[in-house]
Amino acid sequence: MDFSQDCKMKTAKAMKNSTLVCCKFYISESRNTTALHAIERAARRDPEAVIVNKFEDRVYNRARYTLVSYVANDVSGGFVYSPLQRTLYAMAEAAFESINLEQHSGTHPRLGAVDHIGFHPLARASLEDAAQLAKLVAADIGNGLQVPVYLYEAAHPEGKALDTIRRELGYFHPNSTGNQWSGWALPELLPEKPDEGPSHVTRAQGITMIGASPWVETYNVPIMSTDVSIARKIARAVSARGGGLPTVQTMALVHGDDATEIACMLLDPGRVSADRVHSRVEMLAAEEGLEVEKGYFTDFSQEMIVEKYMKLVSGDRA
């Protein structure tokens with residue numbers, strides 16, 4: 001075995017035993033390549049924080065970067081440091097400089113240019129590690145960049161759910177014609193005081209949701225119909241909120257000229273799988289005389305994300 005291969009194996013073994021945290025960084029942009037390139041340049045400033053996946057949808061006008069890095073703990077197991085903190089600040093700064101929410105439109109809801117930053121523990125990390133990192137990043141963005149930030153779930157002092165806060169802020173209601181979200185719809189003085197940052201909103205930037213939770217999966221099911229009212233009926237019947245499948249949240253969104261999608265968040269994939277969700281959507285759509293196309297995940301599994309991270313940090317780009 002040569003020296004370089006030995007180093008790679010040692011690095012991979014070290015990463016496998018590391019305390020790793022995954023971050024999903026959502027922005028309200030997928031059409032402006034200049035903005036995307038600026039954000040990606042900012043993400044490359046620290047090689048120890050790695051983008052392992054990118055998902056973008058031009059119809060939704062939304063993109064998500066999945067990043068992974070380690071968390072350093074003190075002797076008592078408390079959170080000390082993660083390279084993700086500085087990297088996410090740099091990405092957020094680049095996003096706010098290059099995205100103007102007033103000029104944004106798309107068929108996916110959003111409240112901010114940097115709309116959502118979610119943290120999930122991987123490998124040996126705890127949910128508390130993810131929550132502590134979320135709170136630090138929230139303070140950085142709220143105070144350093146002067147953007148209102150709302151915390152959710154494990155990062156929130158009372159564990160307030162993401163969808164609850166979004167519902168209070170009108171996230172799920174289209175604010176433009178044709179089921180579009182366009183510009184900024186809330187008052188400049190927010191009705192609910194944010195957890196970090198000012199209560200006054202800059203319309204070009206909006207607000208940011210930041211939190212931590214156990215692993216979730218995002219899974220979309222295309223329905224071959226442009227009738228959003230029927231798609232919403234199906235989405236509600238699938239969701240836990242509508243009396244459907246437990247631990248499943250859904251939205252019905254226009255997706256192109258001939259389809260809608262049931263966008264699903266699986267809060268406990270081990271309890272309710274994507275296959276079960278797809279079967280339920282398929283059954284409900286058939287009752288309406290509609291066809292369903294193959295569903296798709298918008299990100300890798302936990303295992304694939306860790307594997308991809310290990311390859312990238314060990315220098316194996318294959």
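Note that the coordinates shown come from a computational prediction; the quantities given were computed from them, not determined experimentally.
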Query raised in the report: Is there side-chain contact between Lys308 and Met310, with at least one heavy-atom pair below 4.5 Å?
Result: no
**Report entry** Validation row: Asp129, Phe119 side chains within 4.5 angstrom (heavy atoms)
**Finding:** no
Report summary line: Smallest heavy-atom separation, Ile262 atom then Ala252 atom, equals CD1-CB, 4.2 Å
Query - Worked verdict on Asn73 versus Arg124 for side-chain hydrogen bond (donor to acceptor under 3.5 Å, both in side chains) - result: CA-CA 11 Å; Asn73 300 103; Arg124 296 169 57 237; over 6 Å; no
**Report entry** Any donor-acceptor N/O pair, Arg203 side chain to Ala185 backbone, under 3.5 Å
**Finding:** no
Query raised in the report: What orientation do Tyr65 and Phe25 show, parallel under 30°, tilted 30 to 60°, or perpendicular over 60°?
Result: tilted
Requested in this report: Give a yes or no on whether Val71 and Tyr89 share a hydrophobic cluster (residues Ile, Leu, Val, Met, Phe, Trp, Tyr; joining criterion: side-chain heavy atoms under 4.5 Å apart).
Outcome: yes
Query raised in the report: Is it true that a side-chain atom of Glu192 and a backbone atom of Pro194 form a donor plus acceptor pair closer than 3.5 Å?
Result: no
Query raised in the report: Nearest 0.5 Å, what's the SG-CD distance between Cys23 and Gln85?
Result: 11.5 Å
**Report entry** Test item: Trp184 side-chain N/O and Leu186 main-chain N/O as donor-acceptor pair under 3.5 Å
**Finding:** yes
**Report entry** Minimum side-chain heavy-atom gap Leu67-Met91 below 4.5 Å
**Finding:** yes
Query raised in the report: Near Lys233 NZ, under 6.0 Å, is it more than 12 heavy atoms from other residues, nucleotides or ligands?
Result: no
Report summary line: Closest non-hydrogen atoms of Leu169 and Ile207, given as atom of the first, atom of the second and distance, are CD1-CD1, 3.5 Å
**Report entry** Short side-chain to backbone donor-acceptor contact, Thr202 and Ala204, under 3.5 Å
**Finding:** no
**Report entry** More than 12 heavy atoms of other groups within 6.0 Å of Asp74 CG
**Finding:** yes
Query raised in the report: Is Leu20 reachable from Val50 through a run of hydrophobic residues whose side-chain heavy atoms are each under 4.5 Å from the next?
Result: yes
Report task. Answer yes if Leu253 and Val238 sit in the same cluster of Ile, Leu, Val, Met, Phe, Trp and Tyr residues linked by side chain heavy atoms under 4.5 Å apart, and no otherwise. Result -> no
Report task. Would you check if the side chain of Asp115 reaches a backbone N or O of Gly112 as a donor-acceptor pair within less than 3.5 Å? Result -> yes
Query raised in the report: Can you tell me if Thr107 uses its side chain to pair, donor with acceptor, with the backbone of His255 under 3.5 Å?
Result: no
Query raised in the report: Does a side-chain heavy-atom distance below 4.5 Å link His116 with Tyr152?
Result: yes
Query raised in the report: OG1/Thr247 to CZ/Arg271 distance, rounded to the nearest 0.5 angstrom?
Result: 5.5 Å
Requested in this report: Starting at OG of Ser98, measure out to CD1 of Ile27 and round the result to the nearest 0.5 Å.
Outcome: 7.5 Å
Query raised in the report: Nearest 0.5 Å, what's the CG-CG distance between Leu88 and Leu136?
Result: 11.5 Å
Query raised in the report: Is the number of heavy atoms from other residues, nucleotides or ligands within 6.0 Å of CZ (Arg86) greater than 12?
Result: no
Query raised in the report: Glu196 versus Ile141: any side-chain heavy-atom pair under 4.5 Å?
Result: no
Report task. Decide yes or no for Asp275 and His278: does some side-chain heavy atom of the first lie under 4.5 Å from some side-chain heavy atom of the second? Result -> no
Query raised in the report: Looking just at side-chain N and O atoms, do Glu168 and Tyr150 make a donor-acceptor pair shorter than 3.5 Å?
Result: no
**Report entry** Sidechain-backbone polar pair: Thr226 side chain, Ala259 backbone, donor-acceptor under 3.5 Å
**Finding:** no
**Report entry** Trp215 side chain near Cys22 side chain, heavy-atom distance below 4.5 Å
**Finding:** yes
Report summary line: Rounded to the nearest 0.5 Å, the CD atom of Glu153 sits from the CD atom of Glu158 at a distance of 14.0 Å
Report task. Might you point out which heavy atoms bring Gln146 and Gln205 nearest each other, and give the distance in Å? Result -> O-OE1, 4.2 Å
**Report entry** Gln132 and Ser126: CA distance, side-chain angles, deciding distance, side chain to side chain contact (heavy atoms under 4.5 Å, CB included) verdict
**Finding:** CA-CA 10 Å; Gln132 287 298 322; Ser126 67; over 6 Å; no
Query raised in the report: OG1/Thr260 to CD1/Ile234 distance, rounded to the nearest 0.5 angstrom?
Result: 7.0 Å
Query - Flag, side chain of Ser69 to backbone of Glu48, donor-acceptor distance under 3.5 Å - result: yes
Query raised in the report: Is a side-chain N or O of Thr208 found less than 3.5 angstrom from the main chain of Val114, in a donor-acceptor match?
Result: yes
Query raised in the report: Would you say Leu151 and Leu133 are hydrophobically clustered, going by side-chain heavy atoms of ILVMFWY under 4.5 Å?
Result: yes
Requested in this report: Test Arg64 against Asp299 for salt bridge (Lys or Arg N to Asp or Glu O under 4.0 Å), laying out the working first.
Outcome: CA-CA 9 Å; Arg64 186 213 58 240; Asp299 207 349; 3.5 Å; yes
Query raised in the report: If Ile, Leu, Val, Met, Phe, Trp and Tyr residues are connected whenever their side-chain heavy atoms lie under 4.5 Å apart, and connections chain through other members, are Leu127 and Leu162 in the same group?
Result: no
Query - Donor-acceptor pair, side chain of Asn220 and main chain of Tyr296, under 3.5 angstrom - result: no
